[in-house]
Amino acid sequence: MPELVHYAVADTVATITLDSPHNRNALSRQLVSELVAGLESAAADPGVRVVLITSTGRVFCSGADLSEAAAEGMDEGTRTIVALQRLIVAMDKPVVTRLGGAVRAGGIGIVAASDVVLAAEDATFALTEVKLGLAAAIISLTVHARMHPRAAALTTLGGEVFSGTEAAAYGLVTKAVPADELDAEVAAVCASLATGAPQGLRESKRILNRDLLARIDAHGDEMAQLSSRLFASEEAREAMTAFLSRKK
């Protein structure tokens, strides 16, 4: 299999690029494994001060790989995505995520785990789990810590699409800018963060994310078990099968 995640370092910034167009950057086992490997490489490299997560194509991440989930269940997958969120939150370097297009369901967990998120105003978001008989369980660990409670209720229960501008107002992203200004804004923010001393960045991030990390450790197993149970339910399996049939 060709790699689905690319890793490169330049000017103290490690750029991790999701590139799995065949399933719109869904969180397949391979993509998550390669994303984790990239994050671990950045964490271990003393020359890296900032980590940037971005994507190719028009979709940042479409959420869980429903083909894998329908065929094999999500017992391992839910725990892996909890661990992915924890890695982003706990690593000693700031993680910036760039959103130029759509992000759905489980992909929003990556967004919420990141320290700084910059989105195009016309990027789109949706917590679609409720439409499939699921719940935003494992990503609630980070999403509900970032979003304002009323916004979390509206988007989680409704499952409808909202914009980058709305995501910024809801607290999910740091800033939304016009699409043609996104790359310049990302470059400026990464350059600014990279001026921090390693110790200063490390200790500041630990203070900022202390409560979020404790939340993940306290409730991660519970949310993974709930999510696995919902994925295995008859209602969800029927909904996933219907969704995959429509795609074909």
Side-chain angles (χ1 to χ4, degrees), residues 1 4 18 20-33 35 55 57-85 99 101-113 119 123-147 149-164 166-167 170 172-173 216 219-248:
M1 289 287 289
L4 304 181
L18 310 185
S20 181
H22 73 281
N23 63 0
R24 302 185 304 161
N25 290 329
L27 297 172
S28 64
R29 288 189 304 275
Q30 181 185 347
L31 184 139
V32 172
S33 175
L35 174 53
S55 65
R58 299 174 59 186
V59 178
F60 174 77
C61 179
S62 59
D65 188 318
L66 295 184
S67 297
E68 288 186 358
E72 303 170 21
M74 283 289 287
D75 288 347
E76 179 181 353
T78 56
R79 292 191 299 273
T80 300
I81 294 171
V82 170
L84 170 61
Q85 293 176 99
L99 299 173
V103 56
R104 298 290 185 267
I108 296 179
I110 296 172
V111 173
T124 63
F125 301 73
L127 293 158
T128 52
E129 290 90 343
V130 69
K131 306 289 191 182
L132 297 174
L134 302 168
I138 49 179
I139 65 170
S140 72
L141 298 165
T142 53
V143 171
H144 293 177
R146 302 294 193 192
M147 292 185 78
R150 291 297 188 189
L154 175 65
T155 56
T156 301
L157 295 172
E160 303 297 341
V161 174
F162 55 100
S163 69
E166 290 170 312
Y170 293 163
L172 180 61
V173 309
I216 294 171
H219 303 292
D221 287 344
E222 175 192 358
M223 290 297 101
Q225 291 173 20
L226 171 60
S227 187
S228 296
R229 177 169 60 80
L230 292 174
F231 268 103
S233 69
E234 182 178 351
E235 180 177 324
R237 285 190 169 277
E238 289 178 355
M240 288 189 293
T241 299
F243 177 81
L244 292 169
S245 297
R246 287 199 303 271
K247 285 179 65 178
K248 295 176 182 178

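- Side-chain atoms of Arg104 come within 3.5 Å of backbone atoms of Thr124 as a donor-acceptor pair (strictly under, hydrogens ignored).
- Nearest heavy atoms, Val173 versus Val111: CG1-CG1, 4.3 Å.
- In terms of the side chain to side chain donor-acceptor pair (under 3.5 Å) criterion, Ser55 has no residue partners (sequence neighbours excluded).
- With rounding to the nearest 0.5 angstrom, the OG atom of Ser140 is 12.5 Å from the CE atom of Met147.
- Separation of atoms CZ (Phe243) and OG (Ser67) is listed at 9.0 Å; rounding is to 0.5 Å.
- Contact between Gly159 and Ala126 at its shortest, heavy atoms only, is O-CB, 4.0 Å.
- By the 30° and 60° cut-offs, the orientation of the rings of Phe162 relative to Phe125 is parallel.
- For Arg29, the salt bridge (charged side-chain N to carboxylate O under 4.0 Å, His left out) partners at least two apart in sequence or on another chain are Glu68, Glu72.
- Put simply, the side chain of Gln225 does not reach to within 4.5 Å of the side chain of Thr78, judged on heavy atoms.
- Between Ala64 and Phe231, the closest heavy-atom pair is CB-CZ, 4.2 Å.
- One finds the CZ atom of Arg79 at 15.0 Å from the CE atom of Met223 (value rounded to the nearest 0.5 Å).
- Across every non-hydrogen atom of Ala113 and Arg146, the tightest pair is O-NH2, 3.6 Å.
- Put simply, the side chain of Ser28 reaches to within 4.5 Å of the side chain of Asn23, judged on heavy atoms.
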**Request:** Could you walk me through whether Thr155 and Leu172 pass side chain to side chain contact (heavy atoms under 4.5 Å, CB included), step by step?
**Result:** CA-CA 11 Å; Thr155 56; Leu172 180 61; over 6 Å; no
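- Checked options Asp65, Leu18, Ile81; the residue passing with Leu27 is Ile81 (criterion: side-chain contact (heavy atoms from CB on, under 4.5 Å)).
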Only distances under 3.5 Å count here; give the side-chain donor-acceptor pairs of residues 128-139 to other protein atoms, sequence neighbours excluded, each with its distance to 0.1 Å.
| unit_1 | atom_1 | unit_2 | atom_2 | d |
| --- | --- | --- | --- | --- |
| Lys131 | NZ | Gly158 | O | 3.1 |
| Lys131 | NZ | Glu160 | OE2 | 2.9 |

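- Taken to the nearest 0.5 Å, the CG atom of Leu141 stands 6.0 Å off from the CD1 atom of Ile216.
- Between Ala224 and Val82, the closest heavy-atom pair is CB-CG2, 4.3 Å.
- Of all heavy-atom pairs spanning Ala123 and Gly101, the tightest one is CB-O, 3.3 Å.
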